[in-house]
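By convention here, the first residue in the shown sequence is residue 1.
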Amino acid sequence: MNVQPAPVPLLIACALGIEHLALRSGDRSGAGGPVTFVRTGMGPRAAQRSLTRHLSQPALAGAAVVATGFCAGLAPGMHPGDLVVAEETRDPHGTVPCAGTEMLVKELARLLPGRTVHTGPLTGSDHVVRGPERSALRATGAIAVDMESAATLLSAVRAGERPVAAVRVVVDAPEHELVRIGTVRGGISAFRVLRSVLPAFFEWHRSLLLPRR
């Protein structure tokens, strides 16, 4: 009798309570295996500590990891509610290539027709980026910035080989800076988009775990 291996779990990490609420209220019916939602707390140190702790648990030792939530767009023409699929994450501690980028772009475009999906490097910061600092980060080739994705994925791959990805929703951009998430139209739009992304994560997860023929 052939014994089927247990499904590889999926860990979805975000930082903020409002991000966690959006994800937990999304459609989780299409998951192909165990899914764990982790609220890491804000900033790269919190993300690093949280991922290291969670991935040390035997049940999550080989989990695929997606970093998600909101971000600041760096490129002119970006709008709140746009999506960012990272080709890689980077910060001063390292660069991590992402898996299955084309799959995620395809699924997000299918799920959210009319929403712009940007691809490129996603850079990390230890503080909220505003004003002229956006231009400096854009000059490095990055298309968006957030405080946790780079630390999340770097911690994940340091804990063991696994597929990783980062998908973020633009909550503010050079022409659309927001003061507080959720209190203005752009923040509400980003929240609604984030609620809708889970099926794309589940499809990404399944596609990477299919046996090779």
Side-chain angles (χ1 to χ4, degrees), residues 8-24 26 34-74 83-101 104 120-130 133-134 137 140 142-172 178 180-182 187 190-191 193-194 197-198 200-201 204-205:
V8 174
L10 173 63
L11 186 153
I12 300 174
C14 63
L16 304 177
I18 192 171
E19 297 167 337
H20 195 250
L21 175 62
L23 293 164
R24 292 299 297 264
V35 181
T36 299
F37 294 89
V38 172
R39 180 185 172 189
T40 65
M42 185 181 291
R45 290 185 180 180
Q48 186 273 329
R49 287 194 298 267
S50 181
L51 262 291
T52 301
R53 182 175 70 255
H54 279 89
L55 294 177
S56 68
Q57 300 172 19
L60 292 174
V65 173
V66 176
T68 193
F70 303 133
C71 70
L74 299 176
L83 288 144
V84 172
V85 178
E87 294 176 342
E88 65 180 29
T89 58
R90 55 168 77 153
D91 69 6
H93 302 287
T95 298
V96 177
C98 295
T101 299
L104 282 166
L122 176 61
T123 194
S125 174
D126 61 2
H127 59 278
V128 176
V129 173
R130 297 198 180 280
E133 192 173 3
R134 290 180 190 268
L137 291 174
T140 69
I143 63 168
V145 58
D146 75 85
M147 296 173 64
E148 297 84 24
S149 291
T152 294
L153 298 198
L154 186 59
S155 299
V157 298
R158 283 178 172 174
E161 185 177 353
R162 70 190 73 244
V164 296
V167 177
R168 291 275 170 170
V169 182
V170 174
V171 75
D172 70 345
L178 305 184
R180 288 184 297 166
I181 294 172
F191 179 89
V193 172
L194 189 58
V197 298
L198 286 181
F201 296 169
W204 172 84
H205 185 217

Q: Output all residues satisfying side-chain hydrogen bond (donor to acceptor under 3.5 Å, both in side chains) with T52, sequence neighbours left out; order by chain, then residue number.
A: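 By the side-chain hydrogen bond (donor to acceptor under 3.5 Å, both in side chains) rule, T52 matches Q48.
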
Q: Taking the side chain as every heavy atom from C-beta outward, state whether T68 and E19 have any pair of such atoms under 4.5 Å apart.
A: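 No, their side chains stay 4.5 Å or more apart.
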
Q: Side chain to side chain contact (heavy atoms under 4.5 Å, CB included) with P97: which residues, sequence neighbours excluded?
A: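 Not a single residue meets the side chain to side chain contact (heavy atoms under 4.5 Å, CB included) criterion with P97.
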
Q: If you define the side chain from C-beta out and look only at heavy atoms, does anything of W204 sit under 4.5 Å from V167?
A: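 The answer is no; the side chains never approach within 4.5 Å.
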
Q: Looking only at heavy atoms, which two atoms of A86 and L122 are closest? And how far apart?
A: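 Looking at all heavy atoms of both residues, the closest pair is CB-CB, 3.8 Å.
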
Q: Check A67 against S149 and note the closest heavy-atom contact, atom names and distance.
A: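 In this case the closest contact between A67 and S149 is CB-OG, 3.8 Å.
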
Q: Can you find a pair of side-chain heavy atoms, one from D172 and one from R134, that are under 4.5 Å apart?
A: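 They are in side-chain contact.
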
Q: Below 4.5 Å, heavy atoms only, C-beta onward: do I143 and L74 meet side chain to side chain?
A: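 They are not in side-chain contact.
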
Q: Scan for salt bridge (Lys or Arg N to Asp or Glu O under 4.0 Å) pairs involving residues 86-100, sequence neighbours excluded, and state none if there are none.
A: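 Qualifying pairs, neighbours excluded: E88-R90.
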
Q: Taking all heavy atoms of V85 and all of T101, pick out the closest pair and write down the distance.
A: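 Taking every non-hydrogen atom into account, CG1-CG2, 3.6 Å.
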
Q: When rounded to the nearest 0.5 angstrom, what distance separates CZ in R39 from CG in L16?
A: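 That separation rounds to 7.0 Å.
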
Q: Strictly distance-based, threshold 3.5 Å: is any side-chain N or O of S50 a donor or acceptor partner for the main-chain N or O of A47?
A: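 Side chain of S50 to backbone of A47: no pair is present.
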
Q: Once rounded to the nearest 0.5 Å, what's the spacing between atom NE2 of H20 and atom CD1 of I18?
A: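 That separation rounds to 13.0 Å.
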
Q: Applying side chain to side chain contact (heavy atoms under 4.5 Å, CB included), name anything that partners R45, two or more places apart in sequence or on another chain.
A: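 Once residues adjacent in sequence are excluded, the partners of R45 under the side chain to side chain contact (heavy atoms under 4.5 Å, CB included) criterion are R49.
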
Q: With no hydrogens and no angle check, is any side-chain donor or acceptor of T40 less than 3.5 Å from a backbone partner on C14?
A: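 Side chain of T40 to backbone of C14: a pair is present.
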
Q: Decide yes or no for L11 and L51: does some side-chain heavy atom of the first lie under 4.5 Å from some side-chain heavy atom of the second?
A: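 Yes - at least one pair of side-chain heavy atoms lies under 4.5 Å apart.
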
Q: If we only count heavy atoms from C-beta on, is the F191 to V171 side-chain gap below 4.5 Å?
A: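 A side-chain contact is absent here, since even the closest heavy-atom pair is not under 4.5 Å.
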
Q: Measuring only between side-chain heavy atoms, which start at C-beta, is F201 closer than 4.5 Å to V35?
A: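 The answer is no; the side chains never approach within 4.5 Å.
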
Q: As a test of understanding, state which of L194, D146, V193 forms a side-chain contact (heavy atoms from CB on, under 4.5 Å) with F70.
A: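 For F70, the side-chain contact (heavy atoms from CB on, under 4.5 Å) check succeeds only for L194.
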
Q: Who pairs with S125 by side-chain hydrogen bond (donor to acceptor under 3.5 Å, both in side chains), at least two apart in sequence or on another chain?
A: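 S125 satisfies side-chain hydrogen bond (donor to acceptor under 3.5 Å, both in side chains) with H127 only.
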
Q: Run I12 and L198 through side-chain contact (heavy atoms from CB on, under 4.5 Å) and show every step you take.
A: CA-CA 9 Å; I12 300 174; L198 286 181; 3.8 Å; yes

Q: Pairs under 3.5 angstrom only: tabulate donor-acceptor contacts from the side chains of residues 151-165 to other protein residues two or more places apart or in another chain.
A:
unit_1 : atom_1 : unit_2 : atom_2 : d
T152   : OG1    : E148   : O      : 2.9
S155   : OG     : A151   : O      : 2.8
R162   : NE     : A156   : O      : 2.8
R162   : NE     : G160   : O      : 3.2
R162   : NH1    : A61    : O      : 3.2
R162   : NH1    : A63    : O      : 2.6
R162   : NH2    : A61    : O      : 3.0

